[in-house]
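Here is how names work: the chains are called A, B, and so on, in the same order as the sequence lines, proteins then strands, and each is numbered from 1. Everything numeric here is computed off the predicted structure, so don't read it as measured data.
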Amino acid sequence: MTVLAAKNITMQFGGLTAVDQFNLELQANELVGLIGPNGAGKTTIFNMLTGVYVPTSGEIILNDESIIKKTPHDIVRLGASRTFQNIRLFKDLTALENVKIAYHNFIDYNMIQGMFRTKKFWTEEKKAHEECVKLLDIFDMGEYADTLAKNLPYGQQRKLEIARALASEPKVLMLDEPAAGMNPAETAELMETIHFIRNKFDITVLLIEHDMKLVMGICERIIVVDYGKTIAEGTPDEILKNPEVIRAYLGN
Amino acid sequence: MDLFLQQLINGLNVGSIYALIAIGYTMVYGIIKLINFAHGEIMMFGAYFAFIFATSFGMPVWAVILVPMIIMALAGVAVEFIAYRPLRDAPRLSALITAIGVSLFLQNLALLIFKADPKVMPKLFPETIINLGGVEISSTTLVTIGLSLFFMVLLDLYIRKTKQGRAVRAVSEDKDAAILMGINVDRTISLTFAMGSALGALGGILYSVAYVQVFPTMGVMPGLKAFIAAVLGGIGIIPGAMLGGFIIGMVETMTKAYLSTTWADAIVYIILILVLLFKPTGILGKNTREKV
Amino acid sequence: MKKKVVSVLLAVLFCASIFTFAGCSSSGSGKDTIKIGFIGPLSGDAAIYGTSAKAGADLAVKEINAAGGINGKNIELIAYDSKGDQTEAINAYNRLRDQDQVVAVIGGVLSGETLAMKDIMVQDNMPVLSPTATAVDVTANAPNIFRACFLDDYQGVAAANFSTSNLSAKTAAVMICKGNPYSEGVSAAFEGAFTANGGTIADEESYSASDKDYSAQLTKIKELNPDVVFVPDYVQIVGPILQKAKEMGITAKFVGADGWDGVQTEYADAAQGNYFTNHYAADSPSETVQNFIKAYKAANSNKDPNSFAALGYDAVHTMAEAIKSAGSTDSKAIITALNNTNYTGVTGTLKFDSEGNPKDKEVTIIKIDGGQLKFETTIVNK
Amino acid sequence: MLKVKDLNVHYGKIHAIKGISFEVNEGEIVTLIGANGAGKTTILQTISGILKPSEGMITFEGENLNKIHAYQIPALGIAHVPEGRRIFAEMTVYENLQMGAYIRKDKVQIQEDIEKVFLSFPRLKERVKQIAGTLSGGEQQMLAMGRALMTRPRLILLDEPSMGLAPILVDEIFDMIQTINEAGTTVLLVEQNANKALHIANRAYVLETGYIKLSGNASDLLVNPEVQQAYLGG
Amino acid sequence: MDKNKRKAYIINTISIISLYLVFFILIQTKVMNKYFMGIAIMTCIMIIMAMSLNIVAGFLGEMALGHAGFMAIGAYSSAYFSIALMDTGFPLPNIIVLILAMLVGGIVTGIMGFLIGTPTLRLRGDYLGIVTIGFSEIIRIFFINFEPTGGAAGLKGITKLVNFNNVYWITIVIIILIFTFGRSKQGRAIISIREDEIASEAAGIPTTRYKVLAFTVSSFFAGIGGALYAHYQAFVEPSKFGFMFSIEMFVIVVLGGLGSLTGSIVAAIVLTVLPEMLRGFAEYRLLVYSLALIVMMIFRPQGMLGRSEFSLTKFIESLILRKDIKNSIDGGETR
């Protein structure tokens, strides 16, 4: 079943075509990698898929619904969430608060009930608290629940960002260079985590990554873009052997 | 038609003064991203110095204008050094509050030294009425417009054509990269304050000559208007400040002449708001997109 | 969850401040002075009026004390700054009443601040004599509030009568400061009387207090060329207007109100040959006036007193007389005494009508000539 | 020529560089490789004075760089081409090059040097009056390098010059680095493209989260299995 | 509600009541006279103004320099309403009239905040700041020219309904409501926008809607503050609500610490009481005030409390357990 599909999406900034007629189909529970040189348009693709940019042309379908011109928060509600290349946590809030904010849509009370702290407020907040603590625990981050995000170690910040993305209970999770800045040991742990959450939450994962070891190690399918166009698509083995990919991206 | 032309000149007159003051706001904003609320007070002190030199020392006119400009340039540098430099890495709003503090401080200092009652600025320029094809222009108006334009062109050439001017632009674009070029960023910021303050002082002098008085709170309203002009033109952009100044001056005069005097200020704000809603970074501002 | 309030801190601060204040008050000066409060803008945009009125009041206090005070007691004038702000004025008044325990108040200087304090003053039945608040409402329904100046509309009518009869004006332009009740009130009275006298209001221009540029309005007036231009506003606004008008070559006569006082010193050229209504004439042969001017100049580095100073001076003298004749500092007695005032001071003879306004006060018309204020005539409206 | 000893750098509470020592000898190309966040850029920024070390010493030809202002460092002969190029986007190409020569007063030679830069990067000459922000990524990188060369440096610090560039341009840039080096300028190169960097460098240091993990001749590291595994994509 | 929460509730309730009792006794014994009461009432109003401004300036992190304009709307609309209500002669107790007037002021101002916020909140930073100045000046100029509310001369004849007793409890209620708002899911969402708007959007927060909500709630409470002001002064005039008054409120918020509600309370008290204490110094007092601002910002740029909140519970615990008093300032260390 196709969860997320992009059809011929194109993005132009001024006269510059950053992404040109890009196509993508993500099946349920897939783990797909998007690779390519810096500036090839990967992040722009992400930004279109998550509603940050509106494509100049083309169509994006998430769970049978067109999400062109939908705002990023609508798309999150419809089931696709993301992380960022440069970690974007709410730095002055605790880890738990970071997650709770993304859990926002499942907390059901209105402003008046919140201000006057009705019974509903307490039950809903309690539920949110428990759910979010549970989520942190899944990431072994329970001990950091009350730590300010900015004071977390780098690797934990990356993990927290993923946990936050999962708090909105997405069908598709998009990770933008999750291993950036990690040492090989941390990267290895991250690979396990990604595998684990894919299975545990039964979701589709799309990731941009430069770390070949990570990409080749966990992705079932890889798409290579250059100059905003797909130049190759296939299993890791196929990609490694593809001459075009070697020329444009992998080098000799 | 004559009446309209006459009002056009009136607008140009106010506008050129706003433009001069707006340049100071915009330069400082461009380089340290601070709304220098004290700029209106720099302008006020400039006018006071000119008043003192003109009444008590009997200096020649050029000195009455130039010496206060130099003094206020130094004062601007001092304000930056004492009050703003310690806050360069602090949250921006703190720097803003400091600027408000400096503004209030200078205002109350002036109140203490000079007292509240307005001083009357002597006529610095011989008073005649020049008739240009049916339009009567007083010499003061002519000199105001002329001097403003002269200094604006001078500043523009300095910023565009000289090495120091390039350094100013480099620092406002990217401080770290400017350091890598060997530019002394602190000194360049001081230089910017000096230039902005000198022009502000000139604005104050011309303002007080045109509108006769010098008093401690004289900087507040033109300061606010000039700031609006800077934002309207696109804050941080020098030609934008000039353009904004002329637009505000013109709108104000024309509204008073043909629409309503009491709503003139409101209309200035409405135009500002409309421009910003359609062009959120001002008329000449570039739209920057936050990188995701 | 950490909670709602910070009460202790609040309490500590409140209490600390309260005790500080309490401390201040007990350390007040000696018991055998009569304390009179003064409220006016001593800083801010309107500071010039407040400081002038206060200088006049100070002079009167000095004179009274030098002459032995009131029934043997010296007067102490306690002046607080209102900054021209309502809240500040109310706080200042409360402080005068509670901390300083004044027996009477001279003030406020501005109409706005006086109106803001009015309700509380009425409640307290505090004897109040405003030297300069000219707005009509100031004394309405306030048996304890009096004023030394004539009202806005009174002098507006006088200016109109003077313009039609003495200057034979047929057309007039009026410049009004929008947002300034004084300017609006006087103008309205002028316009009414001028039209009633058979004249035409050719043009009405307005500006706001923060404006400095009047060229747009004056350009229009120049086109219409009326006989007189009526500009009832204060010196620092009128001065630049006159200067600009002269610069633009406007030849019409300008007429103004008591706010013009002082225009002769710094705007002598621009104001030359124009007229305004005032409370007194400096060149009056009256000994009271001349003595006042001499003493004022001596006390204020040779500065000429303006009408604010004169009214402040008269207000204190009037109040002192009332306290003296009341024979006590009881507010009811002072108010009764004020109602029976008949005091001749610098600004003429002061008697109060039932509202607490001066009765049949004469309006002096002043002509500016060669940097001097010249007595032109007096007008008493019928 | 350049000696870094026991360098420690903190960003607020984060300990970014944890006691690093290395040196660069005259005429060499030395490269620092490592993952994102390993601290490579931090080291370069500390050398050029933008960041202040919390501990340790950096000397350039015997001069202690910690003791002078950042803006005085270019005059010693160190040029830094920062990450992301950081050209002055609102100035023209020509003005950017003039900015490079800010510390110099020899007008005639400045003009000659500008010509030399144009000789090396003919594409810049075609765009001399263009606003730098409108140049393509590769052209901006060339301009940034040209601007750095205008200071007549003896040591040039290059931070990720290949970042975001098309592979063909990457080759061109690396060729250029070699040319610069052959003309007598020492090069300290920070690269993520470890493969390319090791091919042109004499020596290399491998960084990992603030430490130097490995160091040695570039050719040795190229065949080092650990490096191959971690940085050359196996 | 767990045990800690219950304890906090009890401690805070007790201290609110005992503080009131302290005042009550002071008033009864005449130690606290009308002058002090006037200052205390103004302080309460400024607390409401500063806290409401903090919703936009601190929680949302936007520069709002037009709070006086909203206060003016609240003051005028509530006063106009209460005068009309009193004119009907319908016998209502004063406190009911006051509460109705407050609600009218708050709701009218909230609606204005919504109308102004909707188009302008896409602007950011300094641009938003200048636009808010613009709106507040337009509001002021409107009231100068609007004759039904007395024009420039001001609106007279308002019944004085505010006294220390009722304003104290109203302020307590509003403090509590703003606190609970900050700690509801809505408050969290607004704070997340301050932290990182893009990430907030990516976490599923409808940022535009919440920005407008913050602006609206802030104006609502500002309107209530204005209503209290009008019914305390019994007279309002447009010139009170100028640009400098907005700045004054903004200064309180920054000085207390952006995002720190307790900071706003403390700063509002200090900055309202301090000028009164300095009244004797007349012309020097503004000089002192401005110098204090500059020095404060240079040495403590994040404001008194930064983003932290002062916790009475922890303060008392630290007294009893002799812990470091710094523990009672929580919400993260100061930067």
Side-chain angles (χ1 to χ4, degrees), chain B residues 29 33-35 37 82-87 89-109 111-112 115-116 220-221 224 227-228 230-232 234-236 260 262-274 276-277 280-282 285 290-292, chain E residues 57 61 63 65 116 119-120 122-142 144-145 151-152 197-199 202 242-244 247-248 250-251 253-255 258 283-303 306 335:
Chain B
Y29 188 89
K33 301 287 172 283
L34 169 75
I35 301 170
F37 270 100
I82 296 166
Y84 301 157
R85 191 166 295 184
L87 281 155
D89 297 319
R92 284 188 49 207
L93 284 176
S94 312
L96 188 77
I97 300 293
T98 313
I100 292 170
V102 173
S103 159
L104 284 177
F105 177 78
L106 292 177
Q107 230 178 73
N108 286 289
L109 190 68
L111 192 66
L112 219 59
K115 301 294 175 249
V220 178
M221 272 325 272
L224 190 59
F227 170 51
I228 291 170
V231 174
L232 186 72
I235 194 154
S260 151
T262 42
W263 288 91
D265 282 357
I267 285 169
V268 167
Y269 288 114
I270 289 170
I271 287 181
L272 170 85
I273 290 166
L274 287 180
L276 289 186
L277 287 183
T281 48
E290 192 176 354
K291 262 208 137 124
V292 180
Chain E
M63 196 167 130
L65 296 176
I116 291 174
T120 50
R122 44 200 212 93
L123 297 173
R124 306 233 45 176
D126 303 324
Y127 290 97
L128 182 68
I130 183 84
V131 165
T132 50
I133 295 178
F135 271 113
S136 125
E137 285 293 289
I138 291 172
I139 291 167
R140 192 175 61 84
I141 295 168
F142 170 81
I144 288 178
N145 290 286
E197 188 172 344
I198 289 170
F243 166 63
M244 278 318 291
I247 293 284
E248 218 174 282
F250 196 75
V251 164
V253 173
V254 177
L255 218 61
L258 279 165
E283 53 214 3
Y284 292 95
R285 77 178 161 146
L286 279 171
L287 215 56
V288 173
Y289 171 81
S290 53
L291 266 182
L293 272 191
I294 299 169
V295 172
M296 173 80 193
M297 281 296 121
I298 289 177
F299 290 101
R300 202 161 165 79
Q302 70 276 41
R335 282 157 300 160

Comparing I138(E), N145(E), V254(E) against chain B, the one with the most heavy-atom pairs below 4.5 Å turns out to be N145(E)

Does any heavy atom of chain E fall under 4.5 Å from the side chain of [X], the backbone, both, or neither of them?
X: L87(B); value: side chain
X: Y84(B); value: neither
X: I35(B); value: side chain

Go through the atoms of [X] and report whether side chain, backbone, both or neither lie under 4.5 Å from a heavy atom of chain B.
X: I298(E); value: both
X: M296(E); value: neither
X: F299(E); value: neither
X: R122(E); value: side chain
X: L258(E); value: side chain

Roughly how far apart are [X] [atom1] and [Y] [atom2], rounded to 0.5 Å?
X: I270(B); Y: F135(E); atom1: CD1; atom2: CZ; result: 8.5 Å
X: M297(E); Y: I100(B); atom1: CE; atom2: CD1; result: 10.0 Å
X: I133(E); Y: F227(B); atom1: CD1; atom2: CZ; result: 6.0 Å
X: I141(E); Y: W263(B); atom1: CD1; atom2: CH2; result: 7.5 Å

What heavy-atom pair brings [X] and [Y] nearest, and what distance separates the two atoms?
X: P119(E); Y: L277(B); value: O-CD2, 3.4 Å
X: I273(B); Y: G134(E); value: CD1-C, 4.3 Å
X: Q302(E); Y: S94(B); value: N-OG, 4.4 Å
X: S290(E); Y: G101(B); value: CB-O, 3.3 Å
X: L123(E); Y: P280(B); value: CD2-CB, 3.5 Å

Just wondering, do [Y] and [X] contact through their side chains at under 4.5 Å, heavy atoms?
X: I130(E); Y: L276(B); result: yes
X: M63(E); Y: L96(B); result: yes
X: Y127(E); Y: I235(B); result: yes

Below 4.0 angstrom, N of the basic side chain to O of the carboxylate: do D126(E) and R92(B) qualify?
->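 Yes, this pair counts.
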
Would you mind telling me which of L111(B), N108(B), L106(B), L104(B) makes a side chain to side chain contact (heavy atoms under 4.5 Å, CB included) with L287(E)?
->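 One option only clears the test, and that one is N108(B).
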
If you count heavy-atom pairs under 4.5 Å between each of I267(B), V231(B), L272(B) and chain E, which one has the most?
-> V231(B)

